[in-house]
Amino acid sequence: TPQPAKAVCADRGPCAPASCDPKVGRCTWKALPNGTPCAAGACNQVCSHGSCAAGGIVSRWLGNGVATFKAGPRASAQIGTVYGMAEDKNGNVYIADQTRNLIAKVDSKDHVSLLAGKSGYGGYQEGVGTSARFSAPRGLIIATDGNLIVADRNNHRLRKVTMTGVVTTLAGGPKGFKDAVTTLARFSSPMGLAGRADGLIAVADTGNHRIRGVDKNGKVTTLVGSTYGMRDGPVATALIGGPTRVAWGDKGDLYVLQQSYSRLRRLRAGMVTTIAGWAGHQQFGTGHLVSGLYNGVGLTRSPKGSFVVASYHGHQLRLVHPDGTILPLAGSTVGVEDGLGPDARMSNPTSLLRRANGDLLVGTYSGRVLRVRSDLKTCAALRGISPAQAASSCQQIQKTKAYTDIPGVWLDADGPGGQAPWKTTCDLTSDGGGWSQVTAQTPAAQVNKLLGGKGQVMLKCSTTSAAYLLSPITTTTW
């Protein structure tokens, strides 16, 4: 469907009429912040429901869907249920695995190791490395002193983890509610954390229906909330029932995500307001009454001041502007499929991390961490990312040098009107010396459509319920 004339882009600028591809329904030009369309080539926009939003390329980053823990190279390592992630100044990523009750580390050389806790062993215990115990760890941040702070949900505490794996309690104790210092304070199932430059940590104290603040000296105070409910207004009377995530915005504003109410709230200058969302609604749209935040459990701030929300039961990511506009970013229905924007599939996203390099990591309940990239530079870079944008060959993708580690791409050698696109795995390394695999759901003879170029092919065709792995051949190449 052609782009509606009044559609706007995620950066609030208009989408030029020529920027909509009627075949795939994508905005292939991006407007500049001042509304001036830029030249053809910025292809990180996707259209949905009459609007454009920054479309991210989704690919697997860690895990294979088996919710367990296995250390080793990131490509083969495994992770359980990811409910918190953080990154240090050296590019190391830390993961709070709720079901395995541990904190994992993915170092800058892509090696996965266990930092603290023991896989499959829950409980409460201070200690070093595998001698420490957590119970359903969730929120995870890097504090101003360089240590990790973990929201240890079922232990009702905030735990500190050093870079050498030493685990101690920063604040909290038995379940309850009390403003006090360090271990004299009480929480009830804390889930989300957000750190500020001055050392203040905001805590989504879910069971107490409050947002708490912990300063650098361990003093715990209540910022807003009292009992379960939903009410805007001054902090003294506002209600924020069941908050799950928090994030700092511009000028000291604090944003709060409520999973049960499907709303995003803002605390600014002593007043709480609803930015977006309406309980129980899943549609994309603008304003307070139409929500794309259904069952939101993950929250992170984007570089331009907007927020990304992970919708657990919606199986997708939503982009929320400070004015309440909600737009799709990635995913649409449950599944596991790499792709661009709504063409991608994900299952129960749980947590988000915006990395220093611009990548967005998405933790899931099902033993995977996904990566979302939106830094594409040319239209050619998108070739092969979805059936609608299938490439003519692996060589076409390789020549763009746009990405080299996405495990599945789409090829359509005979173009529109011919055979359906093929899902393939290309060897996109610089030397081109590895194998390329073609998986087809149509007769093997159709593979001959993929001719031209150089390289070898390993053919895996499925014409019935059985799959046949053929010997490597050199006569069918591209």
Side-chain angles (χ1 to χ4, degrees), residues 58-72 74 76-87 93-106 112-124 130 132-141 148-159 161 167 189-193 204 206-207 242-245 257 259-260 294-300 308-317 330-331 334-336 344-353 360-372:
V58 179
S59 61
R60 185 185 73 88
W61 190 75
L62 171 64
N64 60 4
V66 178
T68 188
F69 178 75
K70 177 184 175 183
R74 179 167 62 84
S76 58
Q78 293 174 311
I79 199 69
T81 301
V82 180
Y83 264 96
M85 294 180 287
E87 182 182 30
V93 173
Y94 302 88
I95 297 173
D97 186 334
Q98 177 182 266
T99 55
R100 309 312 297 175
N101 294 302
L102 57 84
I103 307 300
K105 177 181 178 179
V106 185
V112 179
S113 60
L114 191 153
L115 177 64
K118 188 173 182 179
S119 181
Y121 289 80
Y124 172 73
T130 56
R133 294 290 182 270
F134 302 92
S135 183
R138 283 215 172 189
L140 189 65
I141 62 169
L148 286 166
I149 306 299
V150 183
D152 195 358
R153 178 188 177 187
N154 290 349
N155 282 322
H156 315 291
R157 293 168 167 89
L158 303 188
R159 314 288 294 280
V161 184
V167 180
S189 302
M191 293 191 189
L193 303 175
T206 309
T244 50
R245 296 287 181 175
L257 185 64
Q259 180 179 359
S260 58
Y294 178 58
N295 215 235
V297 295
L299 178 68
T300 192
V308 179
V309 174
S311 175
Y312 183 86
H313 286 140
H315 310 293
Q316 53 196 289
L317 308 182
V334 65
V336 180
R345 299 288 182 267
M346 61 184 69
S347 179
N348 302 119
T350 53
S351 54
L352 301 169
L353 170 65
L360 176 65
L361 296 185
V362 183
T364 71
Y365 188 83
S366 54
R368 290 182 177 87
V369 177
L370 308 176
R371 179 174 67 177
V372 181

Query raised in the report: Do you know the tightest heavy-atom contact between V334 and R345?
Result: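 Taking V334 first and R345 second, the nearest heavy atoms are O-CD, 4.2 Å.
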Report task. Indicate the atoms forming the closest heavy-atom contact of S113 with A71, along with that distance. Result ->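 Taking S113 first and A71 second, the nearest heavy atoms are CA-CB, 4.2 Å.
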Requested in this report: Would you please test V106 and I95 for side-chain contact (heavy atoms from CB on, under 4.5 Å) and show each step?
Outcome: CA-CA 8 Å; V106 185; I95 297 173; 4.1 Å; yes
Would you find a donor on one side and an acceptor on the other, under 3.5 Å apart, between the side chain of [X] and the backbone of [Y]?
| X | Y | result |
| --- | --- | --- |
| H156 | S189 | yes |
| T206 | P243 | yes |
| R371 | R60 | no |
| T244 | L257 | yes |

Just to verify, what does [X] make a side-chain hydrogen bond (donor to acceptor under 3.5 Å, both in side chains) with, not counting sequence neighbours?
| X | value |
| --- | --- |
| Y83 | none |
| R138 | Q98 |
| R133 | none |
| T300 | none |

Query raised in the report: Atom CG of N348 and atom NE2 of H315: how far apart are they, to the nearest 0.5 Å?
Result: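 Result: 5.0 Å between the selected atoms.
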**Report entry** Nearest-0.5 Å distance, CD1 of residue I103 to OH of residue Y94
**Finding:**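 I103 CD1 to Y94 OH: 11.0 Å, rounded to 0.5 Å.
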Query raised in the report: More than 12 foreign heavy atoms under 6.0 Å from OH of Y365: is that the case here?
Result: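 Open: at most 12 neighbouring heavy atoms sit under 6.0 Å from OH of Y365.
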Under 3.5 Å, which donor-acceptor pairs link side chains of residues 115-124 to any protein atom two or more places apart or in another chain?
| residue | atom | partner | partner atom | Å |
| --- | --- | --- | --- | --- |
| S119 | OG | R100 | NE | 3.1 |
| S119 | OG | R100 | NH2 | 3.4 |
| Y124 | OH | E126 | OE2 | 3.3 |
| Y124 | OH | T169 | OG1 | 2.8 |

Report task. Pick out which of T350, T364, T99 makes a side-chain hydrogen bond (donor to acceptor under 3.5 Å, both in side chains) with T81. Result ->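 Single side-chain hydrogen bond (donor to acceptor under 3.5 Å, both in side chains) partner of T81 among T350, T364, T99: T99.
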Query raised in the report: Would a 4.5 Å heavy-atom cut-off, applied to side chains only, mark T130 and L102 as touching?
Result: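 SC-SC contact between T130 and L102 ruled out.
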**Report entry** Non-hydrogen side-chain atoms of V93 and L361 separated by less than 4.5 Å
**Finding:**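 Yes, at least one pair of side-chain atoms sits under 4.5 Å.
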Query raised in the report: What pairs with D152 under salt bridge (Lys or Arg N to Asp or Glu O under 4.0 Å), at least two apart in sequence or on another chain?
Result: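 D152 satisfies salt bridge (Lys or Arg N to Asp or Glu O under 4.0 Å) with R159 once adjacent residues are dropped.
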